[in-house]
Amino acid sequence: MDFDFAELPEKDRYRLLCSFVGPRPIALVTTIDEHGCNNAAPMSFFNVFSHEPPLLILGMQTRPDGTAKDTVANIRRSGEFVVHMVDMAIAKEMIVTGINFPSDVDEIEFAGLTSVPSVKLAASRIEEAPCAMECRVSQILDYGRRTIVIGEVVQMYVRDECLDERGHYVRPEVYQPIARLHADNYIVADNQFVLKRPAELLHHEEAAGYGEPKPEKAKA
């Protein structure tokens with residue numbers, strides 16, 4: 001089947017894109033409003049964008065009446081937000097935060113999660129999350145009813161047991177984030193496998209300048 005997106009209704013574009021671009025990682029985003037009330041909301045239009053500088057990207061839609069959702073309004077006002085990854089331990093709580101509560105409801109507390117202070121931001125961190133990335137806004141792009149937020153990570157918290165002894169690599173048997181597929185369908189990263197590039201082809205990378213420089217031989 002071919003689909004002309006210039007002719008396709010918005011709901012059908014959403015259905016196709018979200019059904020086939022997946023699994024999509026979930027960002028459980030916390031912000032704070034002008035009265036100091038916590039806000040939390042999950043988003044699956046999200047990913048890491050760059051490591052240098054360290055950037056994350058969020059995509060958020062307006063409400064049906066065209067007004068901005070609390071997360072977007074808080075980000076515009078404060079210029080900051082915290083992104084948490086979600087595992088099975090807090091999956092049900094994450095779903096609760098996705099309910100469109102009134103603006104004065106603290107979704108962190110309502111969902112039974114625990115808010116703790118961030119290191120560099122006013123927005124709270126969720127204690128139960130396996131990791132949290134404190135972000136300051138780098139750029140906001142508006143496309144009609146869609147707002148794209150690019151945030152720079154300024155601080156990151158990772159639960160100790162998620163990393164190896166050196167603190168370098170994730171332990172896949174411990175850190176198993178969930179991701180969204182389509183509609184109410186999700187997947188958990190509990191069946192991971194290793195897939196390496198063929199060693200006999202890596203000389204092409206060296207020829208293209210991607211290989212690590214070889215140490216010079218010591219002169220006699």
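Not a single donor-acceptor pair under 3.5 Å links the side chain of Glu134 to the backbone N or O of Gln155. A donor-acceptor distance shorter than 3.5 angstrom exists from the side chain of Arg180 to the backbone of Ala183, with no hydrogens or angles considered. Of the possible donor and acceptor atoms, one in the side chain of Ser50 sits under 3.5 Å from a partner among the backbone N and O of Glu52. In this structure, the side chain of Thr67 does not engage the main chain of Arg63 through any donor-acceptor pair within 3.5 Å. Of the possible donor and acceptor atoms, one in the side chain of Glu128 sits under 3.5 Å from a partner among the backbone N and O of Thr114. A distance-only check finds a donor-acceptor pair linking the side chain of Arg24 to the backbone of Cys18 [under 3.5 Å]. Looking at Arg125, its side chain never comes within 3.5 Å of a backbone N or O of Val116 through a donor-acceptor pair. Counting only distance, with no hydrogens or angles, the side chain of Arg13 and the backbone of Leu8 share a donor-acceptor pair below 3.5 Å. A donor-acceptor distance shorter than 3.5 angstrom exists from the side chain of Gln176 to the backbone of Pro172, with no hydrogens or angles considered.
Under a hydrophobic-cluster definition in which Ile, Leu, Val, Met, Phe, Trp and Tyr are linked whenever side-chain heavy atoms come within less than 4.5 Å, directly or via other members, Phe81 and Val48 are assigned to the same cluster. Ile126 is not connected to Met85 by any chain of hydrophobic side-chain contacts under 4.5 Å among Ile, Leu, Val, Met, Phe, Trp and Tyr, and they are in different clusters. Hydrophobic clustering places Val149 together with Met156 (ILVMFWY residues linked when any side-chain heavy atoms are closer than 4.5 Å, directly or through intermediates). The cluster map of Ile, Leu, Val, Met, Phe, Trp and Tyr, joined by side-chain heavy atoms under 4.5 Å apart, puts Val29 and Val158 in the same cluster. Placement of Tyr175 and Val153 within a single hydrophobic cluster is found when ILVMFWY residues are connected by side-chain heavy-atom separations under 4.5 Å, directly or transitively.
A search for salt bridge (charged side-chain N to carboxylate O under 4.0 Å, His left out) contacts involving Arg136 returns nothing, not counting sequence neighbours.
Considering every non-hydrogen atom in both His84 and Ala132, the closest pair reads CD2-CB, 3.5 Å. The minimum heavy-atom distance between Arg76 and Asp142, with the atom names listed, is NH2-OD1, 2.5 Å. Between Ala129 and Ile90 the shortest heavy-atom distance is CA-CD1, 3.9 Å.
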Notebook entry, point to check: Do Asn74 and Asp33 pass the side chain to side chain donor-acceptor pair (under 3.5 Å) test, and can you show the C-alpha distance, the side-chain angles, and the key distance before you say yes or no?
Noted result: CA-CA 5 Å; Asn74 293 340; Asp33 70 12; 5.7 Å; no
Should Phe3 and Leu16 be marked as a side-chain contact (heavy atoms from CB on, under 4.5 Å) after you check the CA-CA gap, both sets of side-chain angles, and the distance that decides it? CA-CA 9 Å; Phe3 298 93; Leu16 285 169; 3.6 Å; yes
- prompt: Is there a side-chain contact (heavy atoms from CB on, under 4.5 Å) between Phe46 and Ile57 once you walk through the steps?
  reply: CA-CA 6 Å; Phe46 151 73; Ile57 187 167; 5.9 Å; no
Working note: Tyr186 + Ile95, criterion side-chain contact (heavy atoms from CB on, under 4.5 Å); need CA distance, chi angles, decisive distance, verdict. CA-CA 11 Å; Tyr186 294 79; Ile95 291 295; 3.6 Å; yes
**Study point:** Audit row: Val154, Cys135, side-chain contact (heavy atoms from CB on, under 4.5 Å) steps and yes/no
**Key:** CA-CA 6 Å; Val154 296; Cys135 301; over 6 Å; no
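A salt bridge between Glu205 and Arg197 is present, with a side-chain N of the basic residue lying under 4.0 Å from a carboxylate O of the acidic one. Under a 4.0 Å N-O distance rule, the pair Asp160/Arg171 does not qualify as a salt bridge. Ion pairing between a basic and an acidic side chain is recognised when a charged N comes within 4.0 Å of a carboxylate O; Glu10 and Arg15 show no such pairing.
Counting only heavy atoms from C-beta outward, the side chains of Lys196 and Leu202 never approach each other to under 4.5 Å.
Each of Thr30, Thr147, Thr31, Asn39 was compared with Thr71 under the side-chain hydrogen bond (donor to acceptor under 3.5 Å, both in side chains) criterion, and only Asn39 meets it.
The aromatic rings of Phe110 and Phe101 lie tilted to each other, with the angle between the two planes from 30° to 60°.
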